[in-house]
Amino acid sequence: MNNEEEKEIRQEKERIDQMIVEIDHAIKKLHNRGSDVKSDALELRKTFWQDVTVNLDEPDDVIETFTSIKQQAELLSERERSHGQIHKRLKTLARLKDSPYFGRIDFKEEGEEVESVYLGIASFMDRNEEHFLIYDWRAPISSLYYDFPPGPASYVTPEGMISGEMTLKRQFIIRNGKMISMFDTGITIGDELLQEVLGSNATTQMKSIVATIQKEQNRIIRNEKSKLLVVQGVAGSGKTSAALQRVAYLLYRYRETLASENIMLFSPNPLFNSYVSTVLPELGEENMKQTTFQEYLDSQLGSHYRVEDSFSQLEFLLNEESSAYYHTRMASIRFKGSLSFKDYIDSFLDSIHLGGLYFKNIFFRGRVIVSKMDILDQFYQLDMKMSIANRIQIVQDWIIKCLRTQAKKEQKKSWVEEEIQLLEKEDYLAAFNAYKKKHRYKKDTFNDFEEEKKFLVKQVVNREMKPLIRSVKQLRFIDMKKIYQQIFTEQIPFTQELPAEWEQICQISITALQKNILSYEDATPFLYLKERIEGKKVNLSIRHVFIDEAQDYSPFQFAYLKELFPYSKMTLLGDMNQAIFLHSKDMVNIFQEDPDSEKETIVLTKSYRSTKQIVEFTRGLVLDGDKIEPFNREGRKPTLTIVSDEQDLKWKVLERIHKLRHRGYQTIAVIGKNANEAKQAFLALADQIDGYLMEKGSIHYEKGLVFIPAYLAKGIEFDAVIMYNASQKNYGREMERELFYTSCTRAMHELHLYSLGTESMFISRQPETTYDVLENYENMKLQERKL
């Protein structure tokens, strides 16, 4: 190291020390301000009613009282909001104090002096708030760091393009306010920084990647124009991380008009929601709305039907190959997930304009008071040019009018008198209070007996009728199950070809519906039909929708989501090599019908999660795997161990877990093909070693040893992965290739495959140079040759 380099290092260390001083000063200043604001808020709460003028004698006095209360409430709300913002800023400053910045660029704008720009997770200004000491990584000028090497460079601002020359690009690793290392680089992000970040242990939460964003990931993050952004990225390419940084960028870029509640993330399972929950708060932003598609289906249908989830559907496909209706179910899943089935339902909807809707009788105290035939007649006498949903709305109003008319008739019936006699004291007092509220009557009894009786009669009938009116407002009078069943019982005019197994598909569909079960493949079509009849549900508050593991959505589901969020931009994230469900292999085919839509596809081919050795093995498991580029991080080759029986498997896996723990790995996953295998592995080892079982209802996972089915591990990474039984018997079908690949690509540092008997064809087809074969293998092969 020469004198110039030593001088540079010393100056950078001195700057960091100065930054800590400045940040400490800002923290102290904010603490003092926060204490004052908190005291103000507490004082306002104590004296709230003392500072309010309360006078209800005259109308003008009431208005004055209301205004006074409103002013005090707004003042208190402003103080509490300020306190919240101060607390949020203090948390950001604490993170800056630990690591003020991660990068520096020196940029000379045309006609200007060279400016040194330091990049961190948030902006930080000098004490006079005149100059930036640290720039937020999302600021326009910060894009230079991600997009250019030293030399000619430019960035886009709201005012236009700024061009110039980058004279220096420097990267830092700073921990606890101390510089660990510093290096200049001529590429986007130096391998040294990536090696440091990627070489560390996995955690139970996804990490922010702002210090290591690659150029192609920056394209994802800063994309503002595309109505549809499709990210097709290989396992470990950072597509989900980039998407979360994209959320943070959008919240920063459009902070005046966009809030976290305007963004929705559909994730693959509840566990994943927990896994990514800390990324945005680390960047000083609130989490967007998060759900799974299954949770949405349950919220819409779960109170009336047993809705199968996608994991139960997958368990059937993995485990029930010998079932009599296995191939019928496969055909059903494929067809009901297609746009052809959507077209089929649309054809059915066209046909019921003239006849074919079903309604339910409306009962009151065991009697039919509005018959389903009367409702049917009322519906079909309306103008057929009107939409079905508009006609339903008119019929709903008519039914409620009928119920109100019936309520007046009921008031004269003997059952009402009996109910009044049986009123509990609490019910009587409630009726009396309702009467006082309505008439502003202040005496302690009703005015006279007749008035009391008349009011109580109304109260009793209305109480009985209220649930019925609520049910009608919820459109429960429509027999949706019977309507949907017609799709499988009636001849519907349809120009496209139905599946060869259509008759059998109809039979299994009707059987499930009769048991009040909606299979996963039926849930979205059922909901689509329901909303076309009752009225479309459209979400106008969501402006950006992110869909992770998009390859697992059917074209029908995409079509439904597109209609649910008609004015939202969408970002789809997926990997065709991890398409473990029986859907189309094209994530975006639903959008091809909209050629004018602004869409962009970004393909990520470089895998950063796993070591070079693991990627070289796993890319051979999938078609076009040669296009997957490993990041140059060295490690151990994957291993294969063939065992003779379950006891041998148990002890070999146990031995491996002990070795992995000894190496310091904090997250170790034993991955089973399905829920049953993960549970079997857990039970086999539970008395020997601490670990826990992850199931589809799990919403958190912690450091340590986890036993997990392959489909729940999607999107998550572990220090080491043990494939519990990678045998040909377990993974011998072509449809299981993606599941096998998904399991293997969860590993960051080590991958170990155990096979009970002959290994899967997905392994045996790989070059032997890509994995190490351990004990028992040669003996097993020798025995097979003898047999």
Side-chain angles (χ1 to χ4, degrees), residues 1-23 95-110 112-126 131-155 162-200 207-218 221-222 238 245 249 283 608 631-633:
M1 185 182 299
N2 59 41
N3 291 337
E4 190 62 32
E5 289 173 336
E6 289 178 355
K7 182 182 175 183
E8 288 277 344
I9 291 172
R10 186 170 63 254
Q11 287 175 343
E12 293 290 9
K13 286 182 176 180
E14 288 173 357
R15 188 183 194 277
I16 292 169
D17 292 340
Q18 184 59 34
M19 280 300 99
I20 302 302
V21 171
E22 292 296 319
I23 292 168
R95 284 191 286 268
L96 282 178
K97 186 176 177 181
D98 176 68
S99 181
Y101 39 79
F102 52 81
R104 167 188 167 182
I105 52 174
D106 288 0
F107 182 68
K108 186 180 185 302
E109 184 182 339
E110 292 174 358
E112 302 288 341
E113 296 294 320
V114 174
E115 180 184 4
S116 292
V117 176
Y118 287 83
L119 286 70
I121 63 163
S123 296
F124 183 70
M125 300 187 79
D126 62 16
H131 303 288
F132 281 99
L133 301 176
I134 304 170
Y135 282 81
D136 192 299
W137 66 276
R138 296 166 290 187
I141 196 170
S142 301
S143 64
L144 292 169
Y145 174 79
Y146 300 113
D147 290 340
F148 292 95
S154 60
Y155 64 98
I162 304 294
S163 298
E165 183 181 5
M166 188 194 299
T167 59
L168 175 72
K169 184 171 185 177
R170 179 168 290 167
Q171 296 165 16
F172 305 93
I173 298 173
I174 304 171
R175 300 285 182 268
N176 299 317
K178 299 296 180 184
M179 190 168 77
I180 308 299
S181 61
M182 157 190 127
F183 33 88
D184 295 348
T185 182
I187 56 175
T188 306
I189 303 296
D191 281 0
E192 297 94 334
L193 185 56
L194 269 173
Q195 291 279 11
E196 193 270 343
V197 172
L198 299 173
S200 60
K207 304 167 188 173
S208 164
I209 62 164
V210 293
T212 58
I213 292 168
Q214 303 295 290
K215 185 174 181 177
E216 65 273 18
Q217 293 169 333
N218 200 41
I221 293 165
R222 294 177 188 260
Q245 319 302 309
Y249 174 77
L283 298 171
Y608 298 98
F631 176 69
N632 192 25
R633 181 167 65 87

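The basis for the numbers below is simple: all heavy atoms, side chains too, and nothing from hydrogens, waters or symmetry mates. Keep in mind it's a predicted model, so treat the numbers as computed, not measured. All residue numbers refer to positions in the sequence shown, counting from 1.
In this structure, CG in Leu133 is found 10.5 Å from OH in Tyr118, a value given to the nearest 0.5 Å. Taking CE from Met166 and CG from Leu168, the interatomic distance works out to 9.0 Å, rounded to the nearest 0.5 Å. A distance of 9.5 Å separates OH of Tyr155 from OG of Ser163, quoted to the nearest 0.5 Å. Rounding to the nearest 0.5 Å gives a distance of 13.0 Å between OG of Ser99 and CE of Met19. Between the CE atom of Met179 and the CG atom of Asp17 there is a distance of 10.0 Å, given to the nearest 0.5 Å. In this structure, OH in Tyr101 is found 4.5 Å from CZ in Arg15, a value given to the nearest 0.5 Å.
Among all heavy-atom pairs drawn from Arg633 and Tyr608, the shortest one is NH2-O, 4.3 Å. The minimum heavy-atom distance linking Ile141 with Glu115 is given by the pair CD1-OE1, 4.4 Å. Nearest heavy-atom pair across Phe148 and Ser154 is CE1-O, 3.0 Å. Between Ile174 and Pro100 the shortest heavy-atom distance is CG2-CD, 3.7 Å. Contact between Ser142 and Trp137 at its shortest, heavy atoms only, is CB-O, 3.2 Å.
When atom types are taken as modelled, the side chain of Asp98 and the backbone of Arg175 share no donor-acceptor pair closer than 3.5 angstrom. Of the possible polar contacts, one joining the Lys169 side chain to the Tyr145 backbone as a donor-acceptor pair under 3.5 Å is found.
Scored by the ring-ring contact (aromatic ring centres under 6.0 Å, His included) test, Tyr249 finds no partners at all (sequence neighbours excluded). Take Asp106 and apply the salt bridge (Lys or Arg N to Asp or Glu O under 4.0 Å) test, not counting sequence neighbours, and it matches Arg104. For Arg222, there are no salt bridge (Lys or Arg N to Asp or Glu O under 4.0 Å) partners at least two apart in sequence or on another chain. Remark: Gln18 engages Glu22 in a side-chain hydrogen bond (donor to acceptor under 3.5 Å, both in side chains) (not counting sequence neighbours). By the ring-ring contact (aromatic ring centres under 6.0 Å, His included) test, Phe124 pairs with no residue at all, sequence neighbours left out.
Taking the six-membered ring for Trp and thresholds of 30 and 60 degrees, Tyr146 and Phe102 have ring planes inclined between 30 and 60 degrees apart.
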Verdict with supporting geometry, Glu8 and Arg170, side chain to side chain contact (heavy atoms under 4.5 Å, CB included)
CA-CA 11 Å; Glu8 288 277 344; Arg170 179 168 290 167; 2.9 Å; yes
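Side-chain contact between Leu119 and Ile105: present, with at least one pair of heavy atoms (C-beta onward) separated by less than 4.5 Å.
Atom NZ of Lys108 has more than 12 neighbouring heavy atoms from other residues, nucleotides or ligands inside a 6.0 Å radius.
Among residues at least two apart or in separate chains, salt bridge (charged side-chain N to carboxylate O under 4.0 Å, His left out) pairs with a member in residues 133-145 are Asp136-Arg138, Arg138-Glu285.
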